[in-house]
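Let me begin by presenting the structure, written as structure tokens, before commenting on it.
The model shown is predicted, which means the values in this text are computed figures rather than measured ones. Sequence positions, counted from 1, serve as the residue numbers for this chain.
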Amino acid sequence: MRVLFAGTPAVAVPSLDALVRAGFDVVAVLTRPDATLGRKRVLTPSPVAARAGELDIPVIHATKVDDGVTARIADAEPDVAAIVAYGGLIPRGALAVPRHGWVNLHFSLLPAWRGAAPVQRSIIAGDDVTGAVTFLLEEGLDTGPVFGTLTETVRPDDTSGALLERLSHSGAVLLAQTLSAIEAGQAAAVPQQGDVSLAPKLSLEDGRLDWRQPALAISRRARGVTPEPGAWTMLEGQRVKLEPVLPRPEAAALPPGELAMNGKTVLVGTGSHPVELTRMQPSGKKMMTAADWARGQATLESVVFE
């Protein structure tokens, strides 16, 4: 079966590899254009584009799927399109090109967390279980009927990066199985059922920690925004980047945002019990352990995170 693969970030690469290993004829890859990365602003292909180059698969670069891109997709004559985190909408004309439609691998248990940041929002919300689904792409936001589902436990120390990494591999297997079922004429998509929740893309402001909230909520947010857009707080008018924090219910209470040392541990007060800082990056400096940062302070008594 001829497959068009659409995807952009690293979490989509395992799916591309899985389809190739399963023997599908991946006739083209649709991905976002090269982007400038790093301090030197080096023009760099997307992870999917780079992998497609290694596999000698033709690449269609597009920020938007317009009539010209749709024509190029049609020229590839795909029987089905598989899409994993491409990063753009697929219009009606392009949806109609493959005879089996577009099959989307989405990293949530739809209809929960429809949108661009399902794993991040799931962790922030404190879900115990999440997963991934394959579904038939429609014009609506993640509204199509579901082919297959897998579940994944959210671990207490999971960051969105770690959870996405696991789901990217298990989801790749699910996607390959779904396309195999479609090829065999055995796939059946069923309408989504359950409560709908939305997972819009995270902004930088979503990473700011509010020390007035309970420790558990702060910990979930910090893990949910790691690695992107990253957790942070303000200190003396400067933004400080933070890695995930650890709830410490056994520690003596501190006012929200106030810091204290407990042995070699740096604690911050919250709306409930303190949390432990792990690693942090003050403005203009490298990431360091919180203990190393604290040793460079004359005292923590007057230090307050905003």
Side-chain angles (χ1 to χ4, degrees), residues 6-12 15 32 63-65 81-92 94-95 101-155 158-168 170-171 174-175 178 189-210 212-214 216-232 244:
T8 297
V11 293
S15 289
R32 305 277 287 185
T63 301
K64 180 181 180 181
V65 181
I83 181 168
V84 186
Y86 162 62
L89 298 176
I90 308 300
R92 181 182 302 177
L95 288 175
W102 292 63
V103 178
N104 195 158
L105 172 63
H106 183 79
F107 299 116
S108 80
L109 299 176
L110 292 175
W113 306 121
R114 292 175 176 171
V119 172
Q120 295 90 331
R121 298 288 181 180
S122 178
I123 290 177
I124 291 171
D127 291 348
D128 294 321
V129 176
T130 187
V133 302
T134 49
F135 72 96
L136 185 65
L137 197 65
E138 300 177 338
E139 287 188 89
L141 178 64
D142 301 333
T143 57
V146 172
F147 288 108
T149 301
L150 65 87
T151 59
E152 177 74 33
T153 299
V154 181
R155 300 170 186 172
D158 265 337
T159 62
S160 61
L163 184 52
L164 263 172
E165 175 69 14
R166 296 203 304 277
L167 287 171
S168 72
S170 57
L174 176 64
L175 181 62
T178 298
V190 298
Q192 297 180 24
Q193 297 181 349
D195 296 331
V196 175
S197 52
L198 300 180
K201 183 179 179 179
L202 295 170
S203 68
L204 179 63
E205 192 61 29
D206 286 310
R208 183 169 189 171
L209 303 185
D210 182 353
R212 298 167 298 180
Q213 292 189 336
L216 186 57
I218 292 171
S219 173
R220 287 169 175 168
R221 179 165 294 275
R223 290 187 290 108
V225 300
T226 299
E228 294 292 339
W232 59 280

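- For the side-chain hydrogen bond (donor to acceptor under 3.5 Å, both in side chains) test, residues two or more places apart in sequence or in another chain that qualify with Glu139 are Arg92.
- Applying the side chain to side chain contact (heavy atoms under 4.5 Å, CB included) test to Arg212 and every residue at least two apart in sequence or in another chain returns Asp210, Pro256.
- Counting all heavy atoms, side chain and backbone alike, Asp206 lies closest to Lys201 at OD2-O, 4.2 Å.
- Atom OG1 in Thr159 sits 10.0 Å away from atom CD in Gln120 (nearest 0.5 Å).
- Here the closest non-hydrogen pair linking Ile83 and Asn104 is O-ND2, 3.1 Å.
- Between Leu209 and Arg221 the shortest side-chain heavy-atom distance falls below 4.5 Å.
- In this structure, Ser168 contributes its side chain and Glu165 its backbone to a donor-acceptor pair below 3.5 Å.
- Ala231 and Val225 get closest at one heavy-atom pair: N-CG2, 3.5 Å.
- Listed by chain and residue number, nothing satisfies the side chain to side chain contact (heavy atoms under 4.5 Å, CB included) test with Gln193 (two or more places apart in sequence, or in another chain).
- Between the side chain of Ser122 and the backbone N or O of Pro118 there is no donor-acceptor pair closer than 3.5 Å.
- Of the inter-residue distances, the one linking Arg220 atom CZ with Ile218 atom CD1 reads 12.0 Å to the nearest 0.5 angstrom.
- The two residues Phe147 and Leu136 have their closest heavy-atom pair at CE1-N, 3.7 Å.
- With sequence neighbours excluded, the residues that form a side-chain hydrogen bond (donor to acceptor under 3.5 Å, both in side chains) with Ser108 are His106.
- A 6.0 Å sphere centred on CG of Leu141 holds more than 12 heavy atoms belonging to other residues, nucleotides or ligands.
- Nearest heavy atom pair, residue Arg223 against residue Pro244, reads CG-CB, 3.9 Å.
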Return all side-chain donor-acceptor pairs below 3.5 angstrom for residues 110-117, not counting sequence neighbours, or 'none' if the list is empty.
| residue | atom | partner | partner atom | Å |
| --- | --- | --- | --- | --- |
| Trp113 | NE1 | Asp127 | OD2 | 2.8 |
| Arg114 | NE | Asp142 | O | 3.2 |
| Arg114 | NE | Gln192 | OE1 | 3.3 |
| Arg114 | NH2 | Gln192 | OE1 | 2.9 |

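- Side-chain atoms of Glu152 and Val129, non-hydrogen and from C-beta on, never get closer than 4.5 Å to each other.
- At distances below 3.5 Å, not a single donor-acceptor pair connects side-chain atoms of Arg208 with backbone N or O atoms of Trp232.
- Note: Leu174 CG to Thr149 OG1 = 7.0 Å, rounded to the nearest 0.5 Å.
- Every side-chain hydrogen bond (donor to acceptor under 3.5 Å, both in side chains) that Thr178 has, sequence neighbours left out, goes to Thr134.
- In this structure, the side chains of Arg32 and Pro9 stay at 4.5 Å or more apart for every pair of heavy atoms.
- Rounded to the nearest 0.5 Å, atoms OG1 (Thr151) and CG (Leu167) are 10.0 Å apart.
- Among all heavy-atom pairs drawn from Leu175 and Ser15, the shortest one is CD2-CB, 3.8 Å.
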